Asker: 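Below are the structure tokens for one structure; questions will follow.
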Amino acid sequence: MPTDNETMRRIHAVIRAIPRGDVAGYGEVARRAGMPGRARLVARVLSLSEDRTLPWFRVLRSDGRIAFPPAHPLFDEQSQRLRGEGVDVVAGRVGHVHRAISLDEALWGPRA
DNA sequence: AATTTGACCCGTC
DNA sequence: AGACGGGCCAAAT
């Protein structure tokens with residue numbers, strides 16, 4: 001499945017749906033968009049997106065770390081934006097975030 | 001045409 | 001906590 005407009009639209013929609021002060025993993029976004037296992041595609045769509053209103057900073061790695069290396073300029077911007085909406089970010093890592101539990105968490109418990 | 005490169009993820013050890 | 005292997009896949013070399 002190529003990165004056609006429909007695929008991109010669905011991924012954008014899921015990211016736009018992440019509430020303020022909340023975060024989601026790339027793989028989580030992929031699942032919610034009906035494309036399980038396609039985390040890399042989400043990352044790619046994000047990297048190519050021109051939509052400046054998209055809350056890209058709410059998307060993190062599954063382990064809660066910011067995807068960029070600390071040296072990358074977007075690393076600091078993402079940290080700032082998240083802190084700006086109340087998310088605790090320490091050393092590029094989000095701590096315990098106030099958010100509704102996902103289906104995964106309901107079934108398997110919080111990611112340690 | 002083959003290989004490498006990413007804003008990745010997961011089970012297993 | 002980290003490493004390793006496999007899955008993922010469009011773009012760029």
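Here the structure is a predicted model, which means the values were calculated and not measured. Hydrogens, waters and symmetry mates are skipped; everything else that's a heavy atom, side chains included, is used. A, B, ... follow the sequence lines: proteins, then strands. Residue 1 opens every chain.
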Asker: Do the side chains of Arg9(A) and Glu6(A) get close enough for a salt bridge, i.e. N-O under 4.0 angstrom?
Answerer: yes
Asker: In residues 69-81 of chain A, which ones come under 4.0 Å of DNA chain B, going by heavy atoms?
Answerer: none
Asker: Nearest whole Å is fine: how far is dC8(B) P from Leu41(A) CG?
Answerer: 13 Å
Asker: Could you list, one pair per line, each protein nitrogen or oxygen that sits under 3.5 Å from a nitrogen or oxygen of nucleotides 5-7 of chain C, together with the distance?
Answerer:
none

Asker: For Arg31(A) and dC8(C), give me the distance from atom CZ to atom C1', rounded to whole Å.
Answerer: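 To the nearest whole Å, that distance equals 14 Å.
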Asker: What integer distance in Å separates Arg44(A):CZ from dC9(B):C1'?
Answerer: 18 Å
Asker: Closer than 4.0 Å, any side-chain N/O of Ser62(A) to the OP1 or OP2 of dC10(B)?
Answerer: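 Yes, such a contact exists.
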Asker: Is Glu85(A) salt-bridged to Arg81(A), going by a charged N under 4.0 Å from an acidic O?
Answerer: no
Asker: With a sphere of 6.0 Å drawn around CZ of Arg83(A), does it hold more than 12 non-hydrogen atoms of other residues, nucleotides or ligands?
Answerer: yes
Asker: Which pairs count as ring pair (Phe, Tyr, Trp, His ring centres under 6.0 Å) when at least one residue sits in residues 35-93 of chain A, sequence neighbours excluded?
Answerer: Phe68(A)-His72(A)
Asker: To the nearest Å, give me how far apart CZ (Phe57(A)) and C1' (dA7(B)) are.
Answerer: 15 Å
Asker: Separation of Met8(A) atom CE from dC9(C) atom P, in whole Å?
Answerer: 18 Å
Asker: Round to a whole Å and report the spacing from CD1 of Ile15(A) to C1' of dC8(B).
Answerer: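 Distance check: Ile15(A) CD1 to dC8(B) C1' gives 13 Å.
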Asker: Any idea which heavy atoms bring Val45(A) and Met8(A) closest together, and the distance?
Answerer: CG1-CG, 3.6 Å
Asker: Could you measure between the two C1' atoms, the one in dC8(C) and the one in dT5(B), and give it in whole Å?
Answerer: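 These two C1' atoms come out 13 Å apart once rounded.
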Asker: Check this for me, if you would: do Asp63(A) and Arg61(A) make a salt bridge, where the nitrogen-to-carboxylate-oxygen distance has to be below 4.0 angstrom?
Answerer: no
Asker: Among the candidates dA7(B), dC9(B), dC9(C), find the nucleotide nearest to the side-chain atoms of Arg38(A).
Answerer: dC9(C)
Asker: Nearest whole angstrom, please: distance from the P of dG6(B) to the OH of Tyr26(A).
Answerer: 14 Å
Asker: Which heavy atom in Ala24(A) sits nearest to a heavy atom in Val29(A), and how many Å separate them?
Answerer: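 Closest heavy-atom pair between Ala24(A) and Val29(A): CB-CG2, 4.2 Å.
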Asker: Side chains of Asp4(A) and Thr7(A): is there a donor and an acceptor less than 3.5 Å apart?
Answerer: yes
Asker: Can you tell me how far C1' in dA7(B) sits from the matching atom in dA3(C), rounded to whole Å?
Answerer: 22 Å
Asker: Verify whether one side chain among Thr53(A) and Asp51(A) offers a donor that lies under 3.5 Å from an acceptor in the other.
Answerer: yes
Asker: Taking atom C1' of dC9(B) as reference, at what distance in whole Å does atom CG of Leu60(A) sit?
Answerer: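 The distance from CG of Leu60(A) to C1' of dC9(B) comes to 14 Å, rounded to the nearest Å.
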